[in-house]
Number of protein chains: 2
Amino acid sequence: MGVVRKTKSVQTILEIFNQTEEAISVVELIERLKSQMNKTTIYRILERLEEDALLHSFLGHDGVKWYAKCHECSSHDHHDVHPHFQCVDCGKVDCVEIDVTIPKIPNRQVMNSNVLIRGRCEECV
Amino acid sequence: MGVVRKTKSVQTILEIFNQTEEAISVVELIERLKSQMNKTTIYRILERLEEDALLHSFLGHDGVKWYAKCHECSSHDHHDVHPHFQCVDCGKVDCVEIDVTIPKIPNRQVMNSNVLIRGRCEECV
DNA sequence: AACCTTATTGCAACTATGTTGCAATAATAG
DNA sequence: CTATTATTGCAACATAGTTGCAATAAGGTT
């Protein structure tokens, strides 16, 4: 039970994510919305939207948190199993809809995995 | 040209990494060595050791930086192509010597990738 | 061994990302 | 319209990591 009330701030953030297929970093979001809402509010709304599986989060190569729309996530089991791609040229980050299979590791139990790919996107290749 | 002088501090840190096959987070290292050297020194030594391909670094699931010994890295091309594994029970982090193949992505150029696996290690499974 | 050069270190101050407590505000049920 | 309480704003804090600069010390040279 993340988002209970559809406030102006929640709607604003949801609209932003609905206008793009790309991921957005929290830093970027705070910068874009700094005249409209407090950074604490942004952190908390993103948290709630992730609880509701409308967004999912992951860490970029520099440890900054990114969020993107969820497509395949249910609210129960919503790990981002797909990899995330960061373009070294334009900086764009998005979800890649391919499966990366993690091989079995002897005597270990794999629970989930994060894959971050760096390279050049369609427009920069 | 990372490490030029073999100072006491450099030797201390190298010894620590040589005594284990596990990765060590910078935070942990700062805590362990706080009576012996400054945190700035630690950051800088780790940086130099990575330049020399004696260590490699990667980000843990919470964005904290970890370092581990390099086995297969040359000083030219030393990406950590192998995945890193973090045990959700005991917290141990280490390198996993398996290959995770990233499939080709249409119209994109993959340059490198980071794979972080979470699960249970041999002792906690 | 004493000296010189400069890589390395320590310190303090700073940046950036993210968190917390609490009072004020506003969404929604009744 | 009113009451309840989820949500927000703010200020203060926490933590990871960086920077500038003066002091120190490694290691080559004499």
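We name chains A, B, ... by the order of the sequence lines, and we start the count at 1 in each one. Owing to the predicted nature of the structure, the values given are computational and were not obtained by experimental measurement.
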Any donor-acceptor pair under 3.5 Å joining the side chain of A/Arg44 to the base of C/dG18?
->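 No, the side chain and the base share no sub-3.5 Å donor-acceptor pair.
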Could you give the distance from SG (B/Cys70) to CG (B/Leu49), rounded to the nearest 0.5 Å?
->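 Taking SG in B/Cys70 and CG in B/Leu49, the distance rounds to 10.0 Å.
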Between B/Phe85 and B/Arg118, is there a cation-pi geometry (under 6.0 Å to ring centre, at most 45° from the normal)?
->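 No; the conditions do not both hold, so B/Arg118 does not lie above the ring face of B/Phe85.
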Any A/Arg48 side-chain N or O less than 4.0 Å from OP1/OP2 of D/dT8 |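 Checking A/Arg48 against D/dT8: at least one side-chain N or O falls below 4.0 Å of OP1 or OP2.
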Would you indicate, yes or no, if D/dT7 has its OP1 or OP2 atom less than 4.0 angstrom from a side-chain nitrogen or oxygen of A/Thr7?
->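 No.
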Shortest side-chain distance from [X], nucleotide among [options]:
{"X": "A/Arg5", "options": "D/dT8, D/dT7, C/dT9", "result": "D/dT7"}
{"X": "A/Lys65", "options": "C/dG18, C/dT9, D/dA16", "result": "C/dG18"}
{"X": "A/Thr40", "options": "D/dC10, C/dT9, D/dT8", "result": "D/dC10"}
{"X": "B/Asn38", "options": "D/dT8, C/dT9, C/dC11", "result": "C/dC11"}
{"X": "A/Tyr43", "options": "D/dT8, C/dG10, C/dG18", "result": "C/dG18"}

Separation of atom [atom1] in [X] from atom [atom2] in [N], rounded to whole Å:
{"X": "B/Leu29", "N": "D/dA16", "atom1": "CG", "atom2": "P", "value": "13 Å"}
{"X": "A/His61", "N": "C/dT17", "atom1": "NE2", "atom2": "C1'", "value": "15 Å"}
{"X": "B/Leu33", "N": "C/dT9", "atom1": "CG", "atom2": "C1'", "value": "14 Å"}
{"X": "A/Ile45", "N": "C/dG18", "atom1": "CD1", "atom2": "P", "value": "16 Å"}
{"X": "B/Trp66", "N": "D/dA16", "atom1": "CH2", "atom2": "C1'", "value": "14 Å"}
{"X": "A/Lys34", "N": "C/dT17", "atom1": "NZ", "atom2": "P", "value": "12 Å"}
{"X": "A/Gln11", "N": "C/dT28", "atom1": "CD", "atom2": "C1'", "value": "14 Å"}
{"X": "B/Glu50", "N": "D/dG17", "atom1": "CD", "atom2": "P", "value": "13 Å"}

Nearest non-hydrogen partners of B/Gln109 and A/Val125, listed with the distance =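 That would be CB-CG2, 3.6 Å.
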Classify the angle between the aromatic ring planes of A/His84 and A/Phe58 as parallel (below 30°), tilted (30 to 60°) or perpendicular (above 60°).
->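 Taking A/Phe58 first and then A/His84, their aromatic rings lie parallel (interplane angle under 30°).
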Taking five pairs at each end of the helix from C/dA1-D/dT30 to C/dG30-D/dC1, what angle separates the two helix axes (nearest 10°)?
->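 Both end axes considered, the difference amounts to 30°.
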A/Lys69 (side chain) donor-acceptor with A/Thr20 (main chain) under 3.5 angstrom =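 Checking the backbone N and O of A/Thr20 against the side chain of A/Lys69, a donor-acceptor pair under 3.5 Å is found.
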Starting at the 5' end of DNA chain C, which residue's closest nucleotide do you reach first, B/Lys39 or B/Ile42?
->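 So the residue in question is B/Ile42.
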No-hydrogen, no-angle side-chain donor-acceptor test under 3.5 Å, B/Gln86 and B/His61 =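 A pair is found: one side chain offers a donor N or O, the other an acceptor, under 3.5 Å apart.
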Worked check of side-chain hydrogen bond (donor to acceptor under 3.5 Å, both in side chains) between A/His56 and A/His82 | CA-CA 11 Å; A/His56 64 275; A/His82 55 272; 3.2 Å; yes
Can A/Glu47 and A/Lys65 be counted as an ion pair, charged N to O under 4.0 angstrom?
->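 No.
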Report which part of the nucleic acid A/Ile30 touches: base, sugar-phosphate, or nothing (heavy-atom distance under 4.0 Å, all strands).
->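 The residue A/Ile30 makes no contact with any strand.
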